[in-house]
Protein chains: 2
Amino acid sequence: MNDRPGLRERKKAKTRASIQKEALRLFREQGYAATTVEQIAEAAEVAPSTVFRYFATKEDLVLVDQFPPFIEALRALPPELGPVSAVRRALRAAVEAQTPEERADSLERERLMATVPELWAASLKGVTGEIRTLQETLAAREGREPDDPEIRNITGAIAGVLVALWFAWVRDPGMDALAEADQALAHLEAGLPLT
Amino acid sequence: MNDRPGLRERKKAKTRASIQKEALRLFREQGYAATTVEQIAEAAEVAPSTVFRYFATKEDLVLVDQFPPFIEALRALPPELGPVSAVRRALRAAVEAQTPEERADSLERERLMATVPELWAASLKGVTGEIRTLQETLAAREGREPDDPEIRNITGAIAGVLVALWFAWVRDPGMDALAEADQALAHLEAGLPLT
DNA sequence: CATATTTTGAGAGTAGACTCTCATTTGAGA
DNA sequence: TCTCAAATGAGAGTCTACTCTCAAAATATG
């Protein structure tokens, strides 16, 4: 009847974290495809079969959910706000809710994913699901069907603008991603004028 | 000195087409992952190793470049047109230049690519390059740098809207993809109002 | 301490994409 | 028809993600 997880649970969490950490390091250093599960197991000092006990597939070693906080922030915003404006605020809120450490970590991970084609590819299944969720959430805010073409276009445009920014950021890591994202969404909200 | 390719070349083209055709049929009927190269070889009445002589990887059986015609159409349009409007016309021009057969074929292919995560992932490297090309082309039309944030946003929004439509179309193959694309771009051009 | 449960390691096994080799066939050209 | 080069078939072989089994080790519990 102990709140604190027992030794067994703590050890499991540690093992899991260690496997994932080593995997990401190897992926970064030598590429996704070129890294075998065996190497990961060895680096994490664990048997290969243990890796599969923690992560069903190799791809799962990369996938992480940072999306729910954003969606929750979005759902919490009043529906009077337009979709783009709401996304803008939710994004800011979600980022600001992270500790600096979490933020650095997720930036590194995003960077890794965008840099290594195999990883970007591997994360794709998740990304499309996330965009679909965004679409459904925006639709709900406006009291429309998720497949409403206008909602679909807006969702697509938001995602497209952010992904384009993501790629630009990868080429120039110096930029302030959050500020740029805010500006980009503002530009989108204004109807994408060429000034 | 015959213009017409010799028997050998014609046979090769035929074999290649036959392999690809059977592969697409099997993918459609029983799924991509569930179809083995061996089955494809058998259906095309060819040895498995022959399949790999024509297509370096299983993924290559699906991937195709239809992008250049579109970009050329875009480059040919007068720069007075706004970016979105130009893309709209170029898209229409590129599609209309296809024979009905080519069109049906590429729709089928697109469908497979959007449906099967491995393929969508495999085509990703190409897609990102294409979007970059689009961005550069639009920038040139406007006399701007390719990395101009406004150009980047517009390019991202166009791509996002079209990709969102693509996915909607996959869920509902009945829709007229070209007409919908035209409408979606018109909506984008109007600033994505919610009516 | 003793027993029950969970987790792990070791390793054998499967499937399927992809490679290589070599003998055989087939079309090209004189 | 004869010779040469290219294409093919047959099949053995590799690589790696992923599965399964079972016994040993670690941990929980009384």
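All values reported here derive from a predicted model rather than from experimental measurement. Just so it is clear: chains get the letters A, B, ... in the order the sequence lines come, proteins before strands, and each one is counted from 1.
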For nucleotides 9-14 of chain D, which of its nitrogen or oxygen atoms have a protein nitrogen or oxygen under 3.5 Å away, and what is each distance?
{"unit_1": "D:dG9", "atom_1": "OP2", "unit_2": "B:Ala47", "atom_2": "N", "d": "3.0"}
{"unit_1": "D:dG9", "atom_1": "OP2", "unit_2": "B:Thr50", "atom_2": "OG1", "d": "2.5"}
{"unit_1": "D:dG9", "atom_1": "O6", "unit_2": "B:Arg53", "atom_2": "NH2", "d": "3.0"}

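Backbone-only engagement by A:Tyr54 is indicated by non-hydrogen atom pairs under 4.0 Å involving sugar-phosphate atoms exclusively.
Summarising the geometry, the separation between NZ on A:Lys12 and C1' on D:dA28 is reported as 13 Å, rounded to the nearest angstrom. Atom CD of A:Glu42 and atom P of C:dG9 are 13 Å apart (whole Å). As a whole-Å value, the separation of B:Tyr32 OH from C:dG16 P is 14 Å. Between the NZ atom of B:Lys58 and the P atom of C:dG16 there is a distance of 9 Å, rounded to whole Å. The nearest whole Å value for the distance from the CD1 atom in A:Ile40 to the P atom in D:dA17 is 8 Å. A:Phe52 has its CZ atom 13 Å from the C1' atom of C:dT14, to the nearest Å. To the nearest angstrom, C1' of D:dC18 lies 12 Å from CG of A:Asp60.
Judged by Watson-Crick or G-U wobble contacts below 3.5 Å, the nucleotide D:dA5 has C:dT26 as its partner.
Here B:Lys11 does not reach the OP1 or OP2 of C:dT26: none of its side-chain N or O atoms lies under 4.0 Å away.
Atom-to-atom distance recorded for A:Leu74:CG and A:Ile71:CD1 is 5.5 Å, nearest 0.5 angstrom.
For residues 80-89 of chain A, the set of pairs meeting the side-chain hydrogen bond (donor to acceptor under 3.5 Å, both in side chains) definition, not counting sequence neighbours, comprises A:Arg88-A:Asp182, A:Arg88-A:Glu189.
Within a 6.0 Å radius of CD in B:Glu145, no more than 12 heavy atoms belonging to other residues, nucleotides or ligands are found.
In terms of heavy atoms, B:Leu162 sits closest to B:Ala181 at CD2-CB, 4.2 Å.
Side chains of B:Gln39 and B:Gln30: a donor on one and an acceptor on the other come within 3.5 Å.
Looking at residues two or more places apart in sequence or on another chain, you find a salt bridge (Lys or Arg N to Asp or Glu O under 4.0 Å) between B:Glu96 and B:Arg92.
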